[in-house]
Structure formats: structure tokens, C-alpha cells
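These notes concern the structure reproduced below.
Quick note on labels: first sequence line is chain A, next is B, and so on, each numbered from 1. Side chains included, hydrogens not; waters and symmetry mates left out as well; all remaining heavy atoms used. Quick caveat: nothing in here was measured; it's all calculated off a predicted structure.
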Amino acid sequence: MRHWLMKSEPDVFSIDDLAKVDIEPWSGVRNYQARNFMRDDMREGDGVLFYHSSCAQPGVVGIARVASAAYPDPTQFDRRSEYFDAKARRETPRWMLVDLRFERKLAGPIGLTELRAQPRLSDFALLQRGNRLSILPVTRQQWDVILGMESPRRGH
DNA sequence: GCCAACGTTGGC
DNA sequence: GCCAACGTTGGC
């Protein structure tokens with residue numbers, strides 16, 4: 001099983017939104033590298049760190065699972081969608097997506113500054129200079145380190 | 001194929 | 001709102 005980090009702007013779609021719908025098709029990715037991760041490398045059941053970006057408190061806020069194989073992003077064919085792509089053809093879809101399933105929120109968010117302060121995450125793609133990718137691979141070790149930073153639940 | 005211009009991302 | 005970094009576009 002592989003692990004991933006996926007960014008979302010909470011003003012647009014937050015971890016609470018994912019909790020409400022339970023399963024969400026991850027439409028709108030229009031970056032080839034991110035698409036390739038979904039199309040070529042993701043498998044149902046892969047673990048996903050759900051990350052809030054472009055907000056007051058950027059950081060990992062929850063865990064999701066990849067809940068489907070990759071399939072064509074329907075918004076690329078929808079003229080009314082902001083993600084419409086006039087060059088996409090149904091026979092040769094350009095953009096692929098996977099479904100995400102909510103697993104749980106973290107006991108507390110793990111902020112970007114906390115992640116940066118963890119020496120064992122110095123190689124983490126999220127923390128590299130100039131990184132803008134919305135989908136990033138996470139190693140098993142990084143996954144364990146990050147979840148080990150989760151603040152303990154009250155009463156345990 | 002080069003590269004300048006432009007648009008987007010995302011932290012601060 | 002600013003700005004660095006990066007991807008994409010399009011003229012040549």
C-alpha cells in the first residue's frame with residue numbers, strides 16, 4: 001500500500017466537507033504530474049493525508065482513503081464547469097481522478113510549522129522549496145512520523 | 001526547440 | 001497583498 005498527501009483549500013472543500021459526503025470524486029486536478037499519480041500509481045485503499053492549504057492554518061487535518069481506481073474526470077467534458085477542457089475527448093480523456101473516502105479527522109491539526117520542525121521529515125516533498133503539487137507521495141516512514149505527531153486524544 | 005510572457009499556487 | 005517558484009502557452 002502506498003501513501004499520499006492531497007491538498008485542498010478548506011474554503012472550497014474541507015475535511016469536514018469530506019466527512020459529510022463520505023466519498024468525493026477528486027475532480028479538477030489539472031496538473032500532469034498530479035494526474036499521473038492518480039492514474040498510474042494510486043490503488044484503492046491507499047492512505048491519504050488530507051492537507052488544508054491556502055488558509056490561516058495550513059497543515060494535515062485528517063486521513064482519507066483512495067476509494068476507486070482512476071477514471072476520467074467528468075468535469076473536463078462539462079462546458080459549464082470551471083474545469084472544462086475543450087481539448088479533452090471522450091475517447092482520449094486527458095484528466096483522470098480517483099474517489100476519496102473519509103476515514104477520520106486528526107485529534108488536532110498538524111501544522112506546516114510543526115512539520116518543518118521535525119528533522120525526520122527533511123526529505124518530505126511537501127517541505128521542499130517551491131513545491132506546488134497538490135498531490136504528493138508520502139513514504140511509509142514519513143506517514144508514521146507524521147501520525148506520530150498527532151496530539152493524544154483526551155481521556156487516553 | 002527556445003524562451004519570454006503570463007497564470008497559478010500557496011506561504012507569509 | 002506580496003512575492004517566489006513553477007507550469008503552460010505561443011511566437012519565432
Reading DNA chain B from 5' to 3', where do the contacts with chain A start and stop? Cut-off is 4.0 Å to heavy atoms. B:dG7 to B:dC12
A:Asp17 side chain vs A:Ser14 backbone, donor-acceptor pair below 3.5 Å: yes
Using a strict 4.0 Å threshold on nitrogen-to-oxygen distance, state whether A:Arg94 and A:Asp85 make a salt bridge. yes
Donor + acceptor pair across side chains of A:Arg30, A:Thr75 (<3.5 Å): yes
Using ring centroids (six-membered ring only for Trp), state whether A:Phe84 and A:Trp95 fall under 6.0 Å. no
Donor-acceptor pair, distance only, cut-off 3.5 Å: does the side chain of A:His52 make one with the backbone of A:Ile15? yes
All side chain to side chain donor-acceptor pair (under 3.5 Å) counterparts of A:Thr139, not counting sequence neighbours: A:Gln142
Throw together a table of side-chain donor-acceptor distances under 3.5 angstrom for residues 57-68 of chain A, partners on residues two or more places apart or in other chains.
residue, atom, partner, partner atom, Å
A:Arg65, NE, A:Glu103, OE1, 2.6
A:Arg65, NH1, A:Gly45, O, 3.3
A:Arg65, NH2, A:Glu103, OE2, 3.4
A:Ser68, OG, A:Asp99, N, 2.9

Basic-acidic side-chain contact under 4.0 Å: A:Arg104, A:Glu150: yes
Please list, in numerical order, the residues of residues 52-60 of chain A that have a heavy atom closer than 4.0 Å to any atom of DNA chain B. A:Ser53, A:Ser54, A:Pro58
What are the residues of residues 130-137 of chain A, sorted by number, that bring a heavy atom to within less than 4.0 Å of DNA chain C? A:Gly130, A:Arg132
Quick one: side chain to side chain donor-acceptor pair (under 3.5 Å) partners of A:Ser53, sequence neighbours excluded? none
Side-chain donor or acceptor of A:Glu24 paired with backbone N/O of A:Trp26 under 3.5 Å: no
